[in-house]
Amino acid sequence: MRTAIISDIHANLEALTAVLADIKRRSVDRIFCLGDIVGYGSNPNECIQLIQKYSSKTVIGNHDVVVFDPLMALEFNDNARVAIEWTHRILTKQSFDFLRSLTINHTEENVTLVHATPYDPHLWHYISSLEDARFNFPFFKTTFCFIGHTHIPGIILLESETAKLRIAPPGVFHYGKLSDTSRFMINVGSVGQPRDRDPRSSYLILDTHEKTFSFFRVEYDIASYQKKMTDLGMPPFLINRIAEGR
Ligand code: ZN
């Protein structure tokens, strides 16, 4: 079984289209999405339609929740709030209904999907240190937990023999070489707004036959996307960060 896992699209249609084309070339059995389909970018309705069509399971992100729970926007910074208010105005009823239908997490076979953290995902905490990861491992039971939210791809693995945590850089990882009871928390990075100083879209393919997971980076038409954002009058910070990957 080959599963592509994508996250944090943020209404960036140019990036999502490029990633879906890349996934198609690599022939997968299914696609999972970890949320934040909307927020920041110029094409929320179109991105929701593509996710509805191609993702067999999608969990909700904080930017997806905030469009129908406006009180939550009070916690957002000014730039994110401007984008969310604009998104709220142009979302169609079908888009609202789809976002509202999404669950906060999902578990099947040996995989857990959640946008932010296995521990109380409604808090929208970030996993950005080994301590954060150590705290969260007991809150999922599967071998793999795929997350997004920080927009920074990476692997944290818990070795069962030593109970030690290890960080592995994104790339191709052969988990078949480890003991069967090792467990993984894997951030797949962001399609629409990468923040690891690499502006190319990030996603991952889990191959349970080869026993690998592989990160991929995809180039897309950043200039066209930035032009659209400029024409919509989006805050310059949100436009500039796209080319810088931050
Ligand atoms: Zn996000």
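In each ligand, atom 1 is the first atom listed, and ligand 1 is the first ligand listed.
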Identify, with sequence neighbours excluded, every residue that meets side chain to side chain contact (heavy atoms under 4.5 Å, CB included) alongside Val65.
Ile60, Asp69, Met72, Trp124
Does His10 reach the main-chain N or O of Gly41 with its side chain, forming a donor-acceptor pair under 3.5 Å?
no
Tell me, which pairs form a salt bridge (Lys or Arg N to Asp or Glu O under 4.0 Å) where one or both residues lie in residues 173-194, sequence neighbours left out?
none
Have a look at Asp8 and tell me which of Gln193, His151, Arg195 forms a side-chain hydrogen bond (donor to acceptor under 3.5 Å, both in side chains) with it.
His151
Got a sec, which residues hit side chain to side chain donor-acceptor pair (under 3.5 Å) with Thr142, two or more places apart in sequence or on another chain?
Thr112
Sub-2.8 Å protein N, O or S atoms surrounding the Zn ion (ligand 1):
Asp8 OD1, His10 NE2, Asp36 OD2, His151 NE2
Cation over ring, Arg81 on Phe76, under 6.0 Å and within 45°?
no
